[in-house]
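Here, residue 1 is the first one in the sequence, and each next residue gets the next number.
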Amino acid sequence: MIANLCQLTIVIPTSGERKTHKIWNRNIRFSTNAHLTFKCIENPTVGDAEVFCNIFNELKTAKNLNYSLIPESVIQLFRADRYKLFFVYNESGNPIAGRIVYISENDSFDVHAANSNESRECGASYYIIDEILVYLKSLGIQAFDYGMISPSSNEMDDVYRAKSYSGGIPEIYNGQWVFYKSKILEYLINGYFYLISQNRRY
């Protein structure tokens, strides 16, 4: 039996020192100068879900994402109290970034991010994570898990690098395991995956 796929993630402790990258620190300075505000939406409405989806659509266009979010699906998440909605507002009070986070006992997990074009100009996507960490710490939550984000050879590598600037710790999930009755078949298939097709373990 061999692990042929192990998803990589980045986990940020909510307390203790974080060694953030200079790019992360620079964006936090941008956000301070932009006078952004952060808010946890305690009782999200359909309107809040619509706002989140509208911001996400800007991200989808900018990153060429191949999936969509609709308000009806997003609002369903908040029927379970473990899902939290966060927004960052610009100086004029308009929401420019959002995040949906799942909380389970002492850990939390990134579910969806929504970053507008404006948010990338003022560091809001970095600011919202710093503020979420403060909020989670106040609840006694010990860690924030970015949720299966890996280096790649396409534009998604930019996402991984941006998240790696957070000072979080890369960790590998105990991923997909496959059992082969024949050792020879196991070696042949895995040799093909890793030597010929250049598949990665994460």
Side-chain angles (χ1 to χ4, degrees), residues 8-41 44 48 51-65 67 69 74 83-103 107-139 141-171 202:
L8 187 70
T9 190
I10 295 174
V11 177
I12 311 175
T14 60
S15 59
E17 290 290 329
R18 282 165 53 213
K19 190 175 181 180
T20 52
H21 192 278
K22 61 183 180 181
I23 292 177
W24 186 282
N25 299 334
R26 184 180 66 197
N27 277 280
I28 293 299
R29 288 196 297 272
F30 287 161
S31 67
T32 301
N33 294 335
H35 305 290
L36 304 180
T37 54
F38 168 85
K39 186 177 181 182
C40 174
I41 309 301
D48 294 320
V51 169
F52 186 88
C53 290
N54 289 339
I55 300 173
F56 177 83
N57 285 336
E58 288 191 44
L59 176 69
K60 176 184 176 182
T61 300
K63 298 290 185 181
N64 284 322
L65 301 179
Y67 65 97
L69 296 179
V74 169
Y83 289 90
K84 300 294 182 182
L85 174 63
F86 304 94
F87 280 128
V88 164
Y89 302 85
N90 63 15
E91 195 171 11
S92 300
N94 299 315
I96 59 172
R99 212 88 188 191
I100 298 174
V101 174
Y102 176 78
I103 296 175
D107 297 312
S108 62
F109 301 85
D110 203 18
V111 178
H112 289 301
N115 300 311
S116 67
N117 296 328
E118 182 181 348
S119 75
R120 288 185 289 278
E121 298 171 0
C122 62
S125 59
Y126 296 81
Y127 171 77
I128 194 170
I129 295 298
D130 270 11
E131 292 298 313
I132 286 172
L133 292 173
V134 172
Y135 173 86
L136 294 172
K137 183 179 179 180
S138 73
L139 298 181
I141 307 302
Q142 297 175 359
F144 173 80
D145 187 329
Y146 264 123
M148 293 192 299
I149 179 69
S150 306
S152 63
S153 58
N154 55 36
E155 64 277 0
M156 290 305 293
D157 193 56
D158 292 340
V159 177
Y160 174 80
R161 284 192 291 109
K163 292 180 176 182
S164 72
Y165 299 154
S166 65
I169 304 163
E171 293 187 4
Y202 51 80

Kindly state each residue pair satisfying salt bridge (charged side-chain N to carboxylate O under 4.0 Å, His left out) with at least one member in residues 83-97, sequence neighbours excluded.
-> Asp81-Lys84

Can you tell if the side chain of Gln142 reaches within under 4.5 Å of the side chain of Leu136, non-hydrogen atoms only?
-> no

Would Asn90 and Glu118 satisfy side chain to side chain donor-acceptor pair (under 3.5 Å), going step by step from the backbone distance to the final call?
-> CA-CA 9 Å; Asn90 63 15; Glu118 182 181 348; 3.1 Å; yes

Ser166 versus Tyr146, closest heavy-atom pair with distance = OG-CE1, 3.8 Å

What residues, two or more places apart in sequence or in another chain, satisfy side-chain hydrogen bond (donor to acceptor under 3.5 Å, both in side chains) together with Tyr83?
-> none

Could you please spell out the steps behind the side-chain contact (heavy atoms from CB on, under 4.5 Å) verdict for Leu85 and Asp48?
-> CA-CA 9 Å; Leu85 174 63; Asp48 294 320; 3.9 Å; yes

Interatomic spacing from CD1 in Ile28 to CG in Asn33 - rounded to 0.5 Å = 11.5 Å

Partners of Ile23 by side chain to side chain contact (heavy atoms under 4.5 Å, CB included), sequence neighbours excluded?
-> His21, Arg26, Asn27, Tyr126, Tyr165

Would Ile169 and Ile10 satisfy side-chain contact (heavy atoms from CB on, under 4.5 Å), going step by step from the backbone distance to the final call?
-> CA-CA 5 Å; Ile169 304 163; Ile10 295 174; over 6 Å; no

Sorted by chain and residue number, the side-chain hydrogen bond (donor to acceptor under 3.5 Å, both in side chains) partners of Thr20 (sequence neighbours excluded) come out as Asn25

So OH of Tyr102 and OG of Ser108: to nearest 0.5 Å the spacing works out to 11.0 Å

Is a donor on one side and an acceptor on the other found under 3.5 Å between the side chain of Ser125 and the backbone of Ala97?
-> no

Pick out which of Ile12, Asp107, Ile103 makes a side chain to side chain contact (heavy atoms under 4.5 Å, CB included) with Phe144.
-> Ile12

Less than 4.5 Å apart, any side-chain heavy atom of Ile141 and any of Tyr135?
-> no

Do Ile100 and Val74 come close enough that some side-chain heavy atom pair is under 4.5 Å?
-> yes

Do Phe86 and Ile41 come within less than 4.5 Å of each other through their side chains, counting heavy atoms only?
-> no

Nearest heavy-atom neighbours spanning Leu59 and Ala114 | CD2-CA, 4.4 Å

When rounded to the nearest 0.5 angstrom, what distance separates CD1 in Ile128 from OH in Tyr89?
-> 9.5 Å

Tell me, please, which residues at least two apart from Glu131 pass side-chain hydrogen bond (donor to acceptor under 3.5 Å, both in side chains).
-> none

For the residue pair His112 and Tyr67, does the interplanar ring angle fall in the parallel (under 30°), tilted (30 to 60°) or perpendicular (over 60°) class?
-> tilted

Got a second to check how far Asn94's CG is from Ile55's CD1, nearest 0.5 Å?
-> 9.5 Å

For residues Arg99 and Ile132, determine if any side-chain heavy atom of one lies less than 4.5 Å from a side-chain heavy atom of the other.
-> yes

Value rounded to 0.5 Å, distance of CD in Glu121 from OG in Ser31 = 14.0 Å

Taking Ser116 for its side chain and Ile96 for its backbone only, find out whether a donor-acceptor pair lies under 3.5 Å.
-> yes

How many angstroms lie between atom OG1 of Thr9 and atom CZ of Phe109, to the nearest 0.5 angstrom?
-> 8.5 Å

State which residues pass side-chain hydrogen bond (donor to acceptor under 3.5 Å, both in side chains) with Arg18; sequence neighbours excluded, sorted by chain then number.
-> Asp130

